[in-house]
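Naming convention: chains lettered A, B, ... in sequence-line order (proteins, then strands); numbering from 1 in each chain. Hydrogens, waters and symmetry mates play no part in the numbers below; they use all other heavy atoms, side chains included.
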Protein chains: 2
Amino acid sequence: MTVTLDQLQAFVATAESGSFSAAGRVLRKAQSAISTQVSNLEDDLGIELFSRQGRNPVLTPAGERLLAEARVVLDRREHLIGVAASFTAHVEHRLVVAVDELYPEKPLAALFADFAAHFPHVELELLFPMMEDVSRLVLDGKADIGVMWRQEILPAEIGFHTLGWVPLQLVCGKNHPLANGAIDFEELKRHRQLMVAVRSEGPEKQRLRTAAEVWWVESHWVILQLVRQGIGWALVPDHIIENSPVREDLVIPPLRFDGADWPVALEMVWHKQRPSGPAARWLRERFAAMRISGLPG
Amino acid sequence: MTVTLDQLQAFVATAESGSFSAAGRVLRKAQSAISTQVSNLEDDLGIELFSRQGRNPVLTPAGERLLAEARVVLDRREHLIGVAASFTAHVEHRLVVAVDELYPEKPLAALFADFAAHFPHVELELLFPMMEDVSRLVLDGKADIGVMWRQEILPAEIGFHTLGWVPLQLVCGKNHPLANGAIDFEELKRHRQLMVAVRSEGPEKQRLRTAAEVWWVESHWVILQLVRQGIGWALVPDHIIENSPVREDLVIPPLRFDGADWPVALEMVWHKQRPSGPAARWLRERFAAMRISGLPG
DNA sequence: AGTCATCTATCAGAAAATCAGATGGTATCT
DNA sequence: AGATACCATCTGATTTTCTGATAGATGACT
């Protein structure tokens with residue numbers, strides 16, 4: 001004989017319920033069936049799993065250890081069945097999500113943890129594209145769902161939904177001229193501004209442009225590195241400043257003018273024509289239901 | 001019916017051998033048995049694993065994915081059986097090894113990789129004790145095997161075996177007075193020496209003492225940090241210097257006297273009276289068979 | 001101490017699953 | 001076209017597993 005899943009099941013049920021009889025009741029089998037199955041398992045493994053001194057069987061040290069192993073084997077069977085079920089339910093086996101770094105990581109991590117619990121069998125690929133355009137990735141089928149900042153013109157094939165607005169902070173290095181005292185709007189124009197090198201052209205690209213001289217940098221993270229060196233000032237979302245390794249060298253100077261949180265709209269995008277499975281739909285709904293840390297949408 | 005290990009085995013064998021017939025030959029069963037078992041598995045999972053268009057069955061995408069899962073389940077069964085076998089063979093379930101940092105990590109890692117392959121079911125705990133004495137850990141039963149540098153007096157209950165000698169290098173900071181030019185033995189005595197704070201007293205503790213003024217530090221790694229600051233000079237094994245994060249700031253000055261590699265003997269120790277299982281014996285033999293990077297023992 | 005409920009191991013027969021071998025049909029190669 | 005190797009399916013035989021019964025043992029309770 002060879003070790004059988006039924007044997008392992010009888011073993012685990014016995015360990016969990018505390019007696020062969022109870023295990024029989026749980027598994028809807030006769031007590032004798034459980035008893036012999038566990039006994040056979042012990043013969044196959046060549047080791048005693050339960051000590052049968054008293055009225056109830058009690059795990060031996062070996063039984064204790066092997067119980068954990070048995071649970072693993074049974075879990076893997078359940079997992080296999082789950083994978084098969086997700087195939088028949090036409091759940092995606094793989095889902096690619098492209099998220100702009102503007103989206104705060106903390107709720108993102110919570111969301112994906114939740115996703116993993118709901119769809120344990122779906123392989124998730126997360127992209128944080130730098131220079132590529134999120135909407136282009138979605139358009140080309142390289143990503144199933146995208147989260148990006150607003151682009152005025154989106155192709156008609158792309159569906160979208162506004163998630164909310166992320167407020168930006170004005171930040172500069174602590175040795176930068178702007179770091180001392182409150183800032184005038186006109187003053188801003190005289191210093192170099194660092195902006196993310198947005199990919200597609202359009203009016204949105206220019207909306208935040210304030211200074212005469214602008215450098216284009218591929219990521220907010222890199223921008224902070226440059227800001228720290230005193231190369232210029234920038235508009236960067238809160239959460240990126242918070243989590244920056246160089247945040248001690250950064251200054252958020254007070255402003256002498258209003259309406260100065262420069263909100264940026266975050267959009268969720270997908271391809272209208274590509275059919276989306278249950279996992280993609282679930283993720284879209286959850287994205288839409290979440291509120292961004294800033295103003296609600 | 002529920003998914004059975006036999007079914008999975010038939011499935012995997014079919015996928016590996018390319019046909020039901022071949023799988024039957026491999027598993028020493030009739031072709032019909034394999035065929036029906038795979039068919040039953042497909043019914044249970046509710047999905048087609050093989051496409052049966054041509055002469056031979058060929059995996060569907062779902063089959064491809066589930067094949068990996070099936071292999072995992074079968075592997076876990078083998079693992080369980082292996083754990084049980086190691087119980088009956090009275091293999092230790094846990095082995096604690098205390099290694100002095102003098103022992104080079106590279107061969108150590110290779111050795112333990114090998115160990116993991118031979119004894120996959122043994123939990124290994126590795127200690128790199130700082131201030132505690134390795135022989136004391138072994139004596140107290142907190143470690144099964146120890147590798148330490150030679151202590152003249154070892155308790156009688158401790159068995160030991162000399163593994164080899166580790167040569168030490170004289171090292172100092174690049175701004176230290178000794179860093180310029182070849183070094184005289186008398187010169188050494190005038191500068192502060194940093195030594196590892198060895199735990200037990202004994203003549204071995206004093207053997208390497210050269211300077212008048214000595215600081216005792218708990219680890220060679222920390223010693224290098226201090227040496228880098230120019231606090232003193234030290235004798236440190238090669239591999240620790242190599243792997244130090246501060247090695248650019250260190251200098252190994254030339255010496256104007258001979259016999260200056262200060263070899264330190266490494267011993268393997270164990271408790272004679274405590275019975276050792278197969279894993280401990282294997283590890284002892286392999287330790288003994290290895291040559292230290294320096295002179296052979 | 002005696003009673004009772006509940007547990008375990010084991011047995012025999014019934015029920016179920018699995019297997020081998022035979023058969024017919026089909027794809028592939030020569 | 002013929003030969004070969006393969007697959008699906010059927011049937012009866014074999015093996016395994018299950019149930020239900022029985023006897024002995026343990027622990028709780030009076």
Checklist outcome for this item: To the nearest angstrom, the CZ-C1' distance between B:F50 and D:dC6 comes to 14 Å
Checklist entry - Within this structure, what is the CG-to-C1' distance between B:L49 and D:dA8, rounded to whole angstrom? => result 16 Å
Checklist entry - Whole-Å distance between C:dA17 P and B:K29 NZ? => result 16 Å
Checklist entry - So what does A:A33 touch, heavy atoms closer than 4.0 Å: a base, only the sugar-phosphate, or nothing? => result base
Checklist entry - Which of parallel (below 30°), tilted (30 to 60°) and perpendicular (above 60°) describes B:H121 and B:H79? => result perpendicular
Checklist entry - Which comes earlier along DNA chain D counting from the 5' end, the contact point of B:S35 or that of A:G54, where each point is its nearest nucleotide? => result B:S35
Item to check | 5'-most by nearest nucleotide on DNA chain D - A:D6 or B:A22 | outcome: B:A22
Checklist entry - Can you tell me how far P of C:dT10 sits from CD of A:E42, to the nearest Å? => result 11 Å
Checklist entry - Of all the nucleotides listed (C:dA5, C:dA20, C:dA27), which has the minimum atom distance to the side chain of A:R55? => result C:dA5
Checklist entry - Of A:L124, A:D144, A:V134, which is the lone residue that meets side chain to side chain contact (heavy atoms under 4.5 Å, CB included) with A:V97? => result A:L124
Checklist entry - Looking at C:dC7, C:dT8, D:dC7, which one has an atom nearest to any side-chain atom of A:F20? => result C:dT8
Checklist entry - Of all residues at least two apart in sequence or in a different chain, which pass the side chain to side chain contact (heavy atoms under 4.5 Å, CB included) check with A:R77? => result A:L5, A:Q9, A:L74, A:I81, B:T2, B:V3
Item to check | Below 4.0 Å: OP1/OP2 of C:dT6 and any side-chain N or O of A:R25 | outcome: no
Next on the checklist: Base, sugar-phosphate or nothing for B:S19? Non-hydrogen atoms, less than 4.0 Å.
Outcome noted: sugar-phosphate
Checklist entry - Taking atom P of D:dC6 as reference, at what distance in whole Å does atom CD of B:Q53 sit? => result 19 Å
Checklist entry - Looking for any heavy atom pair under 4.0 Å, which part of the strands does A:S21 touch: base, sugar-phosphate only, or nothing? => result base
Item to check | Spacing between A:I34 atom CD1 and C:dT10 atom P, to the nearest angstrom | outcome: 16 Å
Next on the checklist: Could you tell me how far apart B:Q7 (CD) and C:dA17 (P) are, to the nearest whole angstrom?
Outcome noted: 12 Å
Checklist entry - Tell me: CD of A:Q9 to P of D:dC18, nearest whole Å? => result 11 Å
Checklist entry - Counting distance only, does the side-chain N/O of B:E157 pair as donor-acceptor with the main-chain N or O of B:L139 below 3.5 Å? => result no
Checklist entry - Does B:R52 have a side-chain nitrogen or oxygen under 4.0 Å from the phosphate oxygens OP1 or OP2 of D:dT9? => result no
Item to check | Salt-bridge contact A:R52-A:E42 (side-chain N to carboxylate O under 4.0 Å) | outcome: yes
Next on the checklist: For C:dA9, does the base pair up with any side-chain atom of A:Q31 as donor and acceptor (N or O, under 3.5 Å, distance only)?
Outcome noted: yes
Checklist outcome for this item: Among C:dT8, D:dC6, C:dT18, the one nearest any side-chain atom of B:N40 is C:dT18
Checklist entry - Quick one: which of D:dA21, D:dT9, C:dC19 gets closest to the side chain of B:Q37? => result C:dC19
